Protein chains: 2
Amino acid sequence: MPHNTRDKILIAAATMLGENPTTRLSVRAVAARAGVSTGSLRHFFPTQRELLDTVVAGIYDVDLPDDPMQDTARTPGERLVACLRLLVSQVGTGDQAREHWRAQHDAYVAAPPSEGATHAFLALERLAVHRVEKWLAVLHEEGALAPGALEHQARFLLTVVTGLLTERALPGDQARLEFEAHTLATAASAVLRPAPGPA
Amino acid sequence: MPHNTRDKILIAAATMLGENPTTRLSVRAVAARAGVSTGSLRHFFPTQRELLDTVVAGIYDVDLPDDPMQDTARTPGERLVACLRLLVSQVGTGDQAREHWRAQHDAYVAAPPSEGATHAFLALERLAVHRVEKWLAVLHEEGALAPGALEHQARFLLTVVTGLLTERALPGDQARLEFEAHTLATAASAVLRPAPGPA
DNA sequence: ACCTGAACACCGTTCAAGT
DNA sequence: ACCTGAACACCGTTCAAGT
């Protein structure tokens with residue numbers, strides 16, 4: 001039962017998101033819901049981005065036990081590819097991929113999305129970025145990551161995943177599977193420091 | 001020398017983006033730069049999103065001399081990125097991208113594609129792969145390419161392009177533009193030999 | 001049809017002032 | 001240190017009014 005202001009703010013924001021995932025978490029809206037002034041909110045979260053990131057992190061951090069990134073027996077490249085594969089596999093192949101595409105199409109492409117739908121999409125995207133960033137942070141800790149902004153690297157990897165998912169929904173043959181493996185490996189290598197080599 | 005208001009607005013926006021790619025293209029900023037009222041801007045571009053989409057589409061179309069790969073004055077990375085941009089620009093932004101998506105959906109996803117449609121798709125895909133491979137062959141000639149199968153590298157790059165196109169059809173903000181640039185640069189670097197560096 | 005500029009309902013951030 | 005709320009400098013969109 002946390003009762004300090006910081007927690008009240010986070011709880012208010014999370015609750016609003018729970019009630020309606022498309023809510024706009026503005027300073028005034030969250031502050032009012034938390035029963036706190038905007039200045040007070042700013043005291044704990046100097047920037048709106050910081051607040052949103054903290055909320056998302058809190059919601060998401062339900063650490064998966066079977067996170068491939070923890071498997072330190074494997075090389076950084078192998079682990080990153082395994083994580084990306086996890087993302088890809090959540091959508092699946094064939095009919096499943098086509099169904100996913102169809103849902104996206106109906107929600108965002110067929111008709112101009114409502115503001116609410118747009119916010120919902122951006123929130124989900126933010127979640128995905130956060131997840132990939134957490135993986136990359138582990139590799140960064142190990143010094144395995146190439147220099148560059150974490151967010152840029154995460155978004156690059158997500159773009160590759162998006163491309164693979166789209167291709168899965170389109171016609172293709174068996175060979176696609178092999179290309180996928182190469183593509184994931186290439187994408188991972190673009191983000192990792194050059195391997196020391198088996199010297 | 002276009003002098004109608006619509007063009008003035010587009011030119012003002014493109015110029016601002018050219019001077020500083022991170023500029024915020026707000027209604028008032030663009031209108032002021034174009035010497036036009038905000039109401040007038042709204043008359044031609046009913047929504048800010050529409051203005052941004054149009055500007056982006058125009059920028060990518062602007063200079064396509066022919067094949068950017070022939071421009072030996074630029075580094076291999078710059079040329080490869082320019083070529084990939086060409087692919088992306090052919091589909092365009094905003095409504096165009098959404099229209100492209102819709103067409104793909106109707107042809108291949110909504111209903112199981114006929115054998116003929118599948119063959120047509122694979123033929124087009126093969127064409128795209130061939131085109132990218134020709135670009136990569138030039139770089140290979142120059143010794144600028146990282147080791148690996150040409151087809152794998154080509155398909156990797158096309159997956160990235162597909163991902164970008166899908167993201168363009170989905171909701172997004174202006175920041176996407178900056179991420180796109182980084183993503184293309186990262187993708188190109190994954191396929192090129194490490195740059196010699198300005199030592 | 002084209003164009004203006006004020007007005008509206010929002011933003012995020014800053015800051016003097018209180019406790 | 002924590003907290004307030006007004007003030008500032010912005011947004012995008014709407015709209016009556018002009019030409």
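Proteins get letters first, then strands, A, B, ... in listed order; numbering begins at 1 in each. Remember, it's a predicted structure, so these values are computed and weren't measured experimentally.
Straight-line distance from the CZ atom of Arg24(B) to the P atom of dA9(D): 17 Å, rounded to whole Å. The distance between atom CG of Leu52(B) and atom C1' of dG12(D), rounded to the nearest whole Å, is 11 Å. For Asn4(B) and dA1(C), the CG to P distance is 17 Å, given to the nearest whole Å. Following rounding to the nearest Å, His43(B) (NE2) and dG5(C) (P) show an atom-to-atom distance of 16 Å. Between the P atom of dC10(C) and the CG atom of Leu25(A) lies a distance of 16 Å, rounded to the nearest Å.
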Counting only pairs under 3.5 Å, give me each side-chain donor-acceptor contact of residues 122-140 of chain B, with atom names and distances, residues two or more places apart or in other chains.
residue	atom	partner	partner atom	Å
Glu125(B)	OE2	Arg176(A)	NH1	2.6
Trp135(B)	NE1	Asp67(B)	OD1	3.1
Trp135(B)	NE1	Asp67(B)	OD2	3.3

Identify each donor-acceptor pair in which a side-chain atom of residues 179-188 of chain A lies under 3.5 Å from a protein atom, sequence neighbours left out, and give them as a table.
residue	atom	partner	partner atom	Å
Glu180(A)	OE1	Arg168(A)	NH2	3.0
Glu180(A)	OE2	Arg168(A)	NE	2.7
His182(A)	ND1	His152(B)	ND1	3.3
His182(A)	NE2	His152(B)	ND1	3.4
Thr183(A)	OG1	Phe179(A)	O	3.1
Thr186(A)	OG1	His182(A)	O	2.8

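Judged as a salt bridge (charged side-chain N to carboxylate O under 4.0 Å, His left out), the pairs with a partner in residues 137-146 of chain A (not counting sequence neighbours) are, in order, Arg79(A)-Glu142(A). Within the structure, salt bridge (charged side-chain N to carboxylate O under 4.0 Å, His left out) pairs that include any residue of residues 37-48 of chain A do not occur (at least two apart or interchain). Legend: salt bridge (charged side-chain N to carboxylate O under 4.0 Å, His left out) pairs involving residues 21-30 of chain A, not counting sequence neighbours: none detected. The salt bridge (charged side-chain N to carboxylate O under 4.0 Å, His left out) analysis of residues 48-57 of chain B, with sequence neighbours excluded, yields the pairs Arg49(B)-Asp53(B).
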Base contacts versus sugar-phosphate-only contacts with protein, heavy atoms under 4.0 Å: please encode nucleotides 13-19 of chain D as B, S and - from 5' to 3'. BB-----
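Residue Ser26(A) is in sugar-phosphate contact alone, with no base atom involved, counting any heavy-atom pair closer than 4.0 Å across all strands shown.
In this structure, a donor-acceptor pair under 3.5 Å is absent between the side chains of Thr166(B) and Thr162(A).
Between Ser40(B) and dC2(C) there is no side-chain N or O to OP1 or OP2 distance below 4.0 Å.
Stem analysis of DNA chain D (Watson-Crick or G-U pairs, both distances under 3.5 Å, runs of at least three) returns C:4-8 with D:12-16, C:12-16 with D:4-8.
Listed by chain and residue number, Phe121(B) satisfy the ring-ring contact (aromatic ring centres under 6.0 Å, His included) test with Tyr108(B) (two or more places apart in sequence, or in another chain).
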